[in-house]
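Keep in mind the model is a prediction, meaning the values are calculated, not measured.
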Amino acid sequence: LQDTCFQVPAWALRNVARRLNLTKIHHLKLNCEGCEYHILSDPVVRQMKEQGHLGNISGELHHFHQFEPFERIPAEMVEPTMRIMCNE
């Protein structure tokens with residue numbers, strides 16, 4: 001089972017909120033092994049945070065220089081992620 005891969009559907013945070021009729025997410029826990037950069041640099045997610053529709057965020061923030069797959073994360077994704085995760 002260790003070498004088995006699974007395909008699972010991926011949903012954008014805004015689509016999950018819309019599907020569940022959420023007007024506010026009070027706490028978002030991220031545990032996504034590096035995709036936090038993709039989630040938190042999304043302009044819609046940043047807008048949700050700025051407008052108060054997204055409250056506290058917690059989780060692991062994998063440093064983009066430590067792991068091979070993350071070395072190619074563009075600065076325009078790193079900067080907003082670091083701002084959101086480190087300013088709370």
Side-chain angles (χ1 to χ4, degrees):
L1 187 64
Q2 192 173 24
D3 295 330
T4 303
C5 293
F6 298 93
Q7 289 188 355
V8 296
W11 287 49
L13 183 60
R14 65 181 173 266
N15 293 337
V16 172
R18 199 175 297 140
R19 175 77 181 237
L20 297 174
N21 294 319
L22 301 176
T23 57
K24 181 169 183 165
I25 298 171
H26 295 274
H27 186 95
L28 176 66
K29 166 74 166 75
L30 294 175
N31 185 6
C32 53
E33 306 307 317
C35 73
E36 58 272 357
Y37 294 99
H38 296 281
I39 295 169
L40 297 176
S41 66
D42 180 339
V44 174
V45 173
R46 292 191 340 237
Q47 183 181 36
M48 289 173 67
K49 182 70 178 160
E50 291 166 2
Q51 293 177 347
H53 300 291
L54 180 56
N56 295 325
I57 301 173
S58 65
E60 299 173 351
L61 184 60
H62 294 89
H63 198 279
F64 60 96
H65 289 304
Q66 291 179 337
F67 304 103
E68 176 72 28
F70 309 131
E71 289 178 0
R72 292 178 213 85
I73 296 174
E76 59 269 8
M77 292 176 73
V78 173
E79 192 268 329
T81 299
M82 297 298 282
R83 193 170 354 111
I84 288 174
M85 289 295 289
C86 298
N87 285 337
E88 293 201 347

Worksheet, complete the sentence: The side chain to side chain contact (heavy atoms under 4.5 Å, CB included) partners of H26 (sequence neighbours excluded) come to K24
Fill in: Q7: side chain to side chain contact (heavy atoms under 4.5 Å, CB included) partners, not counting sequence neighbours
none
Fill in: Pair T23-H53, side-chain donor/acceptor within less than 3.5 Å
no
Show which side-chain atoms of residues 12-22 pair as donor or acceptor with protein atoms under 3.5 Å away, not counting sequence neighbours.
from, atom 1, to, atom 2, distance (Å)
R14, NH1, D42, OD2, 3.0
N15, OD1, R18, NH1, 3.3

Item to complete: Carefully, step by step, assess L54 and V45 under the rule side-chain contact (heavy atoms from CB on, under 4.5 Å).
Response: CA-CA 8 Å; L54 180 56; V45 173; 3.9 Å; yes
Discussion item. Determine whether a donor-acceptor pair (N or O, by modelled atom type, separation under 3.5 Å) exists between the side chain of R46 and the backbone of S41.
Written reply: yes
Worksheet entry | Nearest atoms (heavy-atom pairs only) where M48 meets I25 | CE-CD1, 4.1 Å
Practice prompt. Considering non-hydrogen atoms only, spot the tightest contact between N56 and K49 and give its length.
Written response: N-NZ, 4.3 Å
